[in-house]
Asks: 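The following block contains the structure, expressed as structure tokens.
Just so you know, these numbers use all the heavy atoms, side chains as well, and skip hydrogens, waters and symmetry mates. We name chains A, B, ... by the order of the sequence lines, and we start the count at 1 in each one. Predicted model only: the values in this text are computed from it and were never measured.
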2 protein chains.
Amino acid sequence: MAPTAAPTKLQLVQSNSLPALVQVEIEQLILSGELAAGERINESDLAMRFGTSRGPVREALRGLEESRLVRSEKNRGVFVREVSVAEADEIYDVREALDQLIGQRVAERATPQQLRDLEAVLDEMDRATAVQDVKAYHALNLRFHDMLVDFAGNARLTESYRLLTKGLLLYRLRGLQNGGGLPVSNTEHKAVVAAIAAHDGVRAGRLLRQHAAASRARMHKAAAAAKPK
Amino acid sequence: MAPTAAPTKLQLVQSNSLPALVQVEIEQLILSGELAAGERINESDLAMRFGTSRGPVREALRGLEESRLVRSEKNRGVFVREVSVAEADEIYDVREALDQLIGQRVAERATPQQLRDLEAVLDEMDRATAVQDVKAYHALNLRFHDMLVDFAGNARLTESYRLLTKGLLLYRLRGLQNGGGLPVSNTEHKAVVAAIAAHDGVRAGRLLRQHAAASRARMHKAAAAAKPK
DNA sequence: AAACAATTTATTGTCGACAATCAGCAATCG
DNA sequence: CGATTGCTGATTGTCGACAATAAATTGTTT
């Protein structure tokens with residue numbers, strides 16, 4: 001396997017081209033919420049900010065458009081995408097199917113070391129739950145699911161899954177981030193990991209799918225609470 | 001609803017920007033095999049060909065890179081992607097999961113009109129099989145699965161699925177397109193449509209997944225036959 | 001003749017400039 | 001007074017030119 005340990009920034013600049021660098025930078029801006037959903041993106045401003053000309057920025061935006069993080073209107077500019085509840089619902093539909101596949105594959109292939117890594121994250125999440133640190137829990141949750149899809153050992157699956165979850169992330173940023181549900185969420189995680197440890201692919205797949213479905217239900221609940229209408 | 005009937009060319013030029021147009025054009029070049037897998041793409045040549053400067057071409061290539069149809073090496077250029085058997089295998093793994101979801105959803109939502117459309121394509125495929133027109137069958141097969149994912153009524157699912165199948169298309173172009181198996185393939189199609197007509201989501205999902213698995217097996221068989229070693 | 005070094009050529013990467021287009025406002029006319 | 005028309009500033013779309021890099025070629029030396 002390639003040395004995935006810690007690619008230095010120098011290596012990044014040498015291997016990746018400038019537009020690629022700018023693309024991940026803008027992506028961070030969007031995912032962190034600094035560029036709000038729906039907001040229009042000014043090419044010149046970004047170019048200034050990164051110390052480049054508008055060319056690389058435009059190329060980066062085209063990449064982000066393809067990954068559906070922005071949408072582009074001719075002669076009007078590119079906008080940070082807004083993900084509606086309906087669209088998030090669609091994403092969850094696909095995600096549930098993929099999560100089932102992920103659970104199954106991970107249960108079949110997980111090494112003892114990978115299992116230990118998963119359990120370590122689980123512990124950290126327990127600690128975050130104890131102190132009600134929602135932000136930390138959220139980050140750990142992302143990391144947990146990221147590890148799972150990685151351990152499934154299918155690059156295309158990883159790619160599809162990441163693309164999907166990015167869209168979900170965009171929705172979550174709309175402010176209606178749920179409050180409760182952390183303990184129950186982690187309980188579900190533990191059940192999944194237990195099935196993986198038992199190398200029970202069918203059960204792990206089913207549980208991970210159910211976890212996604214529960215997550216979707218929590219989203220709906222939060223949305224309904226935020227907008228009683 | 002907007003007039004989706006027949007978008008005139010004028011509307012297309014007005015709504016879509018030049019880089020987007022160039023992108024689909026290059027995509028056609030790749031999918032048709034005019035730009036062979038592994039081949040290096042010359043920006044200036046393409047720009048000349050489309051009568052634009054290199055800017056729009058570069059933007060289009062960045063989009064194609066994001067959709068994994070090309071890969072890009074810094075200071076060396078962009079290359080049409082080659083999809084190995086292993087990678088095609090990975091894609092099929094994901095595709096099977098999505099196909100199951102597609103079958104289920106279509107069985108739940110399909111309208112009588114949509115069912116008739118599907119059956120019409122089935123008939124055409126029968127006719128293509130009768131005269132051993134592999135090329136026509138291939139095109140119809142793509143159309144059939146395209147219709148299915150559309151009828152599932154989930155835009156994100158469509159998007160993910162199309163992205164995946166494009167990769168598969170790229171593999172098929174490597175020449176080892178199977179010869180036989182057309183009749184059996186269409187028999188599978190018919191079983192799927194029958195389940196859809198019965199609005200039996202579970203069965204349709206299972207059958208469509210099995211169809212994808214069988215298709216994968218046929219690919220392996222063809223690959224083994226082409227390269228016995 | 002083979003291996004290495006220097007040079008040339010082709011191609012990509014980046015930039016600044018100009019043209020095209022749009023949103024907003026002001027002036028005009030009914 | 002409202003609507004329409006014509007400016008105006010800002011922003012995007014596109015281009016041609018130049019710099020940086022890699023590949024190919026040639027020349028040189030042993």
Asks: Please step through side-chain hydrogen bond (donor to acceptor under 3.5 Å, both in side chains) for the pair B:Gln23 and B:Glu59, ending with a clear verdict.
Replies: CA-CA 8 Å; B:Gln23 181 168 338; B:Glu59 290 188 29; over 6 Å; no
Asks: When the C1' atoms of the five terminal pairs at each end define the local axes, what inter-axis angle does the helix from C:dA1-D:dT30 to C:dG30-D:dC1 show, to 10 degrees?
Replies: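 What I find for the helix from C:dA1-D:dT30 to C:dG30-D:dC1 is an axis angle of 10°.
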Asks: Looking at B:Ala36, is its backbone amide N or carbonyl O close enough to the side chain of B:Glu39 to form a donor-acceptor pair, meaning the two atoms are under 3.5 Å apart?
Replies: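 Yes, the answer is positive, given that a donor and an acceptor are paired below the 3.5 Å cut-off.
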Asks: Show, in sequence, the C-alpha distance, side-chain angles and deciding distance for B:Ser185 and B:Tyr137, and conclude whether the side-chain hydrogen bond (donor to acceptor under 3.5 Å, both in side chains) test is met.
Replies: CA-CA 10 Å; B:Ser185 171; B:Tyr137 183 88; 3.0 Å; yes
Asks: Applying side chain to side chain donor-acceptor pair (under 3.5 Å), can you list everything that pairs with A:Gln113, at least two apart in sequence or on another chain?
Replies: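 Side chain to side chain donor-acceptor pair (under 3.5 Å) check on A:Gln113 returns A:Arg116, A:Asp117.
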Asks: Show, in sequence, the C-alpha distance, side-chain angles and deciding distance for A:Asp99 and A:His145, and conclude whether the side-chain hydrogen bond (donor to acceptor under 3.5 Å, both in side chains) test is met.
Replies: CA-CA 9 Å; A:Asp99 263 327; A:His145 286 282; 4.6 Å; no
Asks: Is the shortest distance from a Lys or Arg side-chain nitrogen in B:Glu65 or B:Arg71 to a carboxylate oxygen in the other one below 4.0 Å?
Replies: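 No.
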Asks: Using modelled atom types and a 3.5 Å cut-off, is there a donor and acceptor pairing between side-chain atoms of A:Ser215 and backbone atoms of A:His211?
Replies: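 No: the side chain of A:Ser215 does not pair with the backbone of A:His211.
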Asks: Test your reading of the model: is there a side-chain donor-acceptor pair from B:Arg40 to the backbone of B:Arg76, 3.5 Å cut-off?
Replies: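 Pair found, side chain donor or acceptor close to backbone of B:Arg76.
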Asks: Scan nucleotides 12-23 of chain C nucleotide by nucleotide, 5' to 3', and note B when protein non-hydrogen atoms come under 4.0 Å of the base, S if they reach only the sugar-phosphate, - if neither.
Replies: BBBB-B---SSS
Asks: CG of B:Leu46 versus C1' of C:dA10: gap in Å, rounded?
Replies: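 Roughly 16 Å, once rounded to whole Å.
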